[in-house]
Amino acid sequence: MAFNFNWSPLMADAGFYTRAQDLLTAALNKSPKPPIIVDDIAVTELNLGSIPPELEILEVGDLAEDRFRGIFKMSYSGDAFLTLKTRVQANPLNTFLITRPAYASPKPLAAASGLTIPLQITLSNFRLSGFVVLVFSKQKGITVVFRNDPLESLKVSSTFDSIPSVRDYLQREIEGQLRILFMDELPAIIHRLSLRLWVPEYRGLEAGIPETAIPSSLGPGEDTLLNPPKDPVDASGNLLSSAEIASLSLDSGVEMHSLFSQKNLLRLAALTNSQRTLSLFTPSIREVMFRARTGLADQGEGLGSGLMSPGSPALSRTHSHISSPLSSFQDSSSVLSLQQRSTTAASSFSGYGLSLGAGRHTKARPTKKRKKRVVDLRKQSKPTDPEITSADGGYTETSTASTTFSSSTVPEEVNDDPVTPPLSPETTIRFPNRQHRFSTSEGKVIARAPAQQLTYSEPSHSALHTQTANPVPAVPLHAEGAAVPPQQALVFGDEHLGSREKSMEAQSSHGPNPGLSITDAAPNSSILEQAWMMKMANEIARRIQEQNSLVNNNYPGPWEQTRARTPPPAYGQ
Amino acid sequence: MIDFIDYIQLSFSDATRWNRDNSYTALTDTANALLDFSIPERLRVHLSSLSTPQFATTYTLGTVGLIDGSISYLFSTLPLQTTQSRSTLIPLRKLVPGYRQIHPPLAPESWDSDGPGHEGSDGQEDETTPWKRRRETLLHAILHLPPPTTLNGLFLRRLSPTTQLSVAVCSTQAKPLSKSTPQASILTQLSHDTGKYSAEFLFSTDNALLGFKGLYNFGPDPRDRTNAQRPQRASQSVSLLSAGGEMYYSPLSSVVGLSTGLRFTTLPAASETLHSPSSSAYPAPSPISTFPYTLTLTLTPLTGSLSTTYSLLASPNLAFSSRFGFNVYSWESEMVAGCELWRQKRKPYPYVSGEKDDLAWAKRKMGLLPPLPAPPTPAKRMDLTAGAGESVESDSVIKLRVDQSLNIRLLWEGRVKDLLVSAGVGLGPTSLSTGGAAYGWTGVGVSVLYST
């Protein structure tokens with residue numbers, strides 16, 4: 001899961017500042033002003049600066065294609081500034097008496113005569129730090145609430161800087177007003193904006209999320225998700241075909257997302273894992289037949305796609321979709337991360353495959369419970385660099401069933417501290433899972449059958465922290481692995497396959513990755529996926545053809561080969 | 001038009017011989033009445049009664065917001081026997097403040113009936129005798145009824161001939177307009193008036209606001225009665241110059257307020273010299289003025305604003321006033337002009353009211369009828385207007401004010417059958433929320449008072 005937080009295009013939009021100024025002016029004048037301000041507050045200057053805020057994902061409470069609930073930690077210490085112009089009442093007695101009922105007022109003769117002074121205030125040196133609760137629902141729009149008071153400090157410079165008492169007073173008043181703005185006004189503004197965006201135009205869903213989420217920090221931004229990237233490249237720099245773009249583009253994603261189901265996804269992931277690890281646990285999935293053989297042992301080794309977890313692309317796709325409220329995609333990098341994810345997964349696993357000899361029991365599965373996800377957005381991210389791009393994509397699921405190997409084969413240890421990430425720019429996403437830390441540090445697995453474990457961190461891509469879940473019994477896996485039949489296949493019911501499009505979509509795009517040469521070492525591991533991915537490829541092709549004329553089903557060849565195979569006999573359910 | 005309860009309070013202060021003109025607060029009363037009058041808001045109905053000479057009630061119903069109203073009671077230990085309470089009989093000049101003629105300050109009468117204070121107590125000695133030697137008290141409470149209720153209370157007590165204590169309480173359930181505004185506050189005010197000067201001390205529990213107001217009258221001291229000629233000369237003064245100031249300080253919120261003021265006004269004697277120059281009672285007729293006028297100057301040193309007003313009573317029924325304000329810091333200026341015009345019921349002459357005889361003039365010429373009494377001289381009319389206004393049957397009054405940004409307020413107040421009606425309109429530039437300005441209505445309202 002990853003997202004890009006795109007800061008600079010906000011300023012590239014010419015009309016953005018005008019709109020933002022109008023919005024802020026309206027917001028500042030809507031709430032009851034302190035009585036010392038006797039005129040409308042006009043925002044005359046606004047600059048967001050060049051330093052973006054930092055966002056960390058602390059918790060994702062609810063996640064589905066049409067709703068999201070998460071908690072973020074935002075900290076900002078940038079160079080944005082804001083200039084306001086208004087008129088203030090300089091006679092304190094006037095202000096005093098205005099706020100009092102007239103009956104018991106001293107009724108001065110002339111001492112309360114007003115002195116209004118034009119005032120120009122520049123707010124700069126914002127220091128914001130707060131926990132943002134983001135709740136998104138298709139029906140109810142976006143709700144952004146600051147759980148605490150986000151305003152740490154700011155510098156108020158005005159025309160009265162030479163008078164210390166007035167300056168302090170203004171500082172106090174403005175801080176108070178800004179706190180009200182952050183706590184009360186801003187959620188209302190964002191909510192109104194999101195409703196305005198979604199209610200009339202339902203298809204603008206994906207476009208609306210980043211558009212409305214950006215004002216949560218600083219105002220409306222230009223939506224970069226509306227159109228597919230102009231010159232999409234995959235992780236290794238190869239140009240993507242139009243079909244792939246279309247399949248990955250967000251327009252088609254609207255339909256795809258509606259086909260997902262998080263629960264089914266996890267079940268399928270568990271199922272595939274159980275096939276590869278000889279786990280006795282098989283999740284019950286309706287209308288699914290399990291077969292022991294696929295007959296595809298020789299197929300698909302050349303592609304790293306077999307290593308892809310069925311859940312991972314979908315999950316990461318979903319994540320990136322949902323996290324998009326906080327980020328605006330600068331280019332196709334996050335989309336590409338889907339492919340890069342698979343390629344890195346393949347290449348990273350390949351190392352294991354070599355060491356393991358037979359990697360078929362390795363399978364990735366997304367963890368069901370992720371306690372914390374910390375995203376460290378770095379402004380140095382270079383989306384064109386393949387490695388960094390994958391860092392942007394950030395969420396790679398690799399599979400190592402036998403985690404006993406992992407410690408020995410992983411040349412580079414994972415960051416053990418999930419809470420305080422190091423500041424290396426490539427490190428974008430961490431999954432501070434306790435099991436993750438445990439498995440990587442000790443190289444052992446205490447497997448719990450239904451529980452997931454994070455066991456592996458990708459060494460070659462330091463930015464990637466791969467995550468593996470093993471629903472294995474507490475038995476050394478590599479010992480068991482020998483007994484696993486080399487060929488397994490899953491044949492799913494037709495209805496459920498449709499929801500797997502996303503994985504197929506990701507699968508379909510990493511063919512041209514040159515970095516996959518070593519994936520030959522893991523031949524058998526991809527067989528499993530080949531079968532159901534073929535199904536899904538067909539399914540996604542069919543659906544995309546129906547729904548999006550731009551999409552063709554020109555998927556790579558291996559899928560075509562697997563299509564002719566007859567399914568092995570079913571062994572389960 | 002002031003409220004009925006306020007009218008009763010003014011009657012109380014009149015009855016207790018409290019000179020409310022001799023106060024710094026009243027320095028610009030004339031200009032305020034002519035320039036800063038307010039027009040009623042929408043429709044408002046007052047039902048008032050002075051059921052006993054000591055007890056008055058008022059019920060008010062208005063349509064500001066949805067429906068609002070208030071209930072108020074007033075109790076006075078001093079029976080207000082002479083106060084007219086019927087809406088047909090209340091003199092309009094007492095209900096509608098207009099040009100206020102200042103009388104020469106008098107020394108407070110001693111509450112000892114044997115005291116030497118006898119000047120000015122020509123015809124009212126008998127009717128004020130009952131309240132002497134008593135510390136009269138006035139209690140008043142008003143409850144504003146729409147759910148954010150507000151309760152106002154007033155306790156007014158004459159402590160001595162020269163002092164008066166007033167305690168005003170305001171308690172509201174409404175949301176305070178600022179964080180520092182308390183829900184309830186008590187304002188205590190101790191006033192001291194010696195004729196020569198007056199001083200008021202204020203203390204408000206709201207942020208512990210302290211205040212002081214003082215007014216000093218230049219000229220002979222009315223208390224000085226050693227010289228037998230002095231009181232006579234004091235009453236003959238044609239003008240009065242007063243200077244005063246006020247000061248506020250709140251140690252809690254550091255609120256500071258300061259202002260000073262100066263007032264020059266003619267006294268009734270000045271206009272008398274014009275209209276009866278032949279009377280030998282005044283050996284040196286003053287060349288000052290031909291009509292009553294008032295000049296004030298107020299300065300606010302802290303915020304740099306100064307304001308001057310000039311009000312004149314061109315005729316007993318017509319008064320003009322203007323005000324010019326300027327702020328030396330912000331260079332903001334203000335210019336307001338206003339006037340009031342009274343319409344009086346023509347004094348019914350005997351020959352008009354007595355008989356409807358078109359041939360009376362002929363008969364009179366023939367000597368069949370007695371000759372007409374001379375119409376009242378302007379001087380007499382002036383006296384009537386300036387002094388006790390109740391003898392003049394004022395019918396209605398029109399007030400108009402205009403300021404430099406063409407804010408126009410027009411108010412008509414008069415008697416319609418048994419009701420006292422006040423109707424006003426306001427015109428002015430209305431600032432739109434978008435920043436543009438348009439010219440239009442700023443307020444329309446009618447207020448109806450019926451009292452028994």
Side-chain angles (χ1 to χ4, degrees), chain A residues 21-22 25-30 32-44 85-119 159-160 163-166 168-169 172-173 176-177 179-180, chain B residues 24-28 142 150 152-154 167-172 174 176-182 184-187 189 200 202 204-207 209 211 213 244-248 250 253-261 298-300 302-307 325 327 329-330 332 431 433 435:
Chain A
Q21 282 178 16
D22 292 346
T25 302
L28 286 171
N29 290 315
K30 194 173 75 65
K33 293 186 282 288
I36 195 173
I37 294 176
V38 295
D39 202 0
D40 282 353
I41 306 173
V43 179
T44 58
K85 202 181 270 186
T86 185
R87 298 200 310 161
V88 294
Q89 176 61 256
N91 191 345
L93 191 62
N94 185 294
T95 316
F96 180 84
L97 290 178
I98 277 179
T99 57
R100 265 66 182 174
Y103 192 81
S105 85
K107 299 184 181 65
L109 179 75
S113 62
L115 168 62
T116 58
I117 296 178
L119 174 67
T159 44
F160 291 127
I163 310 170
S165 61
V166 179
D168 295 345
Y169 178 77
R172 267 201 321 273
E173 284 287 330
Q177 196 72 4
R179 289 200 162 92
I180 294 172
Chain B
Y24 183 72
T25 311
L27 195 73
T28 58
I142 178 167
T150 302
N152 296 334
L154 177 70
V167 179
V169 181
C170 179
S171 169
T172 180
L177 290 169
S178 79
K179 279 178 214 140
S180 61
T181 306
S185 63
I186 300 174
L187 176 75
Q189 185 167 352
E200 294 171 56
L202 299 166
S204 173
T205 58
D206 183 1
N207 281 312
L209 185 74
K213 300 177 188 176
E246 63 180 344
M247 204 164 52
Y248 299 94
S250 164
S253 60
S254 304
V255 167
V256 176
L258 190 66
S259 80
T260 57
T298 54
L299 295 170
T300 310
L302 287 180
T303 56
S305 58
L306 63 94
S307 167
N327 193 298
Y329 294 148
S330 66
E332 285 179 327
S431 68
S433 59

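Note that this is a predicted model, so its numbers are computed, not measured. Protein chains get the first letters and strands the later ones, always in sequence-line order, with residue 1 at the start of each.
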Item to check | Option in B/Glu332, B/Met247, B/Gln189, B/Glu246 with maximal non-hydrogen atom pairs under 4.5 Å from chain A | outcome: B/Glu246
Checklist outcome for this item: When the 4.5 angstrom heavy-atom criterion is applied to A/Thr116 and chain B, the contacting part is both
Checklist entry - When heavy-atom pairs shorter than 4.5 Å are enumerated against chain A, which of B/Leu258, B/Leu187, B/Asn327 gives the highest number? => result B/Leu187
Checklist entry - So what's closer than 4.5 Å to chain A heavy atoms on B/Val169: side chain, backbone, both or neither? => result backbone
Next on the checklist: Once rounded to the nearest 0.5 Å, what's the spacing between atom CG of A/Leu109 and atom CG of B/Leu27?
Outcome noted: 5.5 Å
Next on the checklist: Can you give me the closest heavy-atom contact between B/Ala168 and A/Tyr103, atom names plus distance?
Outcome noted: CB-CE2, 4.1 Å
Checklist entry - Which answer fits B/Thr300, side chain, backbone, both or neither, if we ask what part of it has an atom under 4.5 Å from a heavy atom of chain A? => result side chain
Next on the checklist: According to salt bridge (Lys or Arg N to Asp or Glu O under 4.0 Å), does anything in residues 91-106 of chain A pair up with another residue at least two apart or in another chain? List the pairs.
Outcome noted: A/Arg100-B/Asp206
Next on the checklist: By the definition side-chain contact (heavy atoms from CB on, under 4.5 Å), identify the one residue from A/Pro108, A/Ser105, A/Pro106 that meets it with B/Leu202.
Outcome noted: A/Pro106
Checklist entry - B/Asn152 versus chain A, heavy atoms under 4.5 Å apart: side chain, backbone, both or neither? => result both
Checklist outcome for this item: Whatever's closer than 4.5 Å to a heavy atom in chain A on B/Thr303 counts as both
Next on the checklist: According to side-chain contact (heavy atoms from CB on, under 4.5 Å), who are the partners of B/Ser250, at least two apart in sequence or on a separate chain?
Outcome noted: B/Asn207, B/Leu209, B/Leu252, B/Ser253, B/Val255
Checklist entry - If you round to the nearest 0.5 Å, how far is OH of B/Tyr248 from CG of A/Leu93? => result 7.0 Å
Checklist entry - About how many Å separate CD1 of A/Ile117 and OG of B/Ser330, when rounded to the nearest 0.5 Å? => result 7.0 Å
Item to check | Reported CZ-to-OG distance for the pair A/Phe96 and B/Ser204, which is rounded to 0.5 angstrom | outcome: 5.5 Å
Checklist entry - Hey, is B/Glu200 close enough to A/Lys107 for a salt bridge, meaning N to O under 4.0 Å? => result no
Next on the checklist: Quick check on the interface: out of B/Thr150, B/Leu154, B/Thr172, who has the most heavy-atom pairs with chain A under 4.5 Å?
Outcome noted: B/Leu154
Item to check | Residue pair A/Ala111 / B/Gly257: nearest heavy atoms and the distance that separates them | outcome: CB-C, 4.0 Å
Item to check | Contacting moiety of A/Ala110, where chain B heavy atoms sit under 4.5 Å | outcome: both
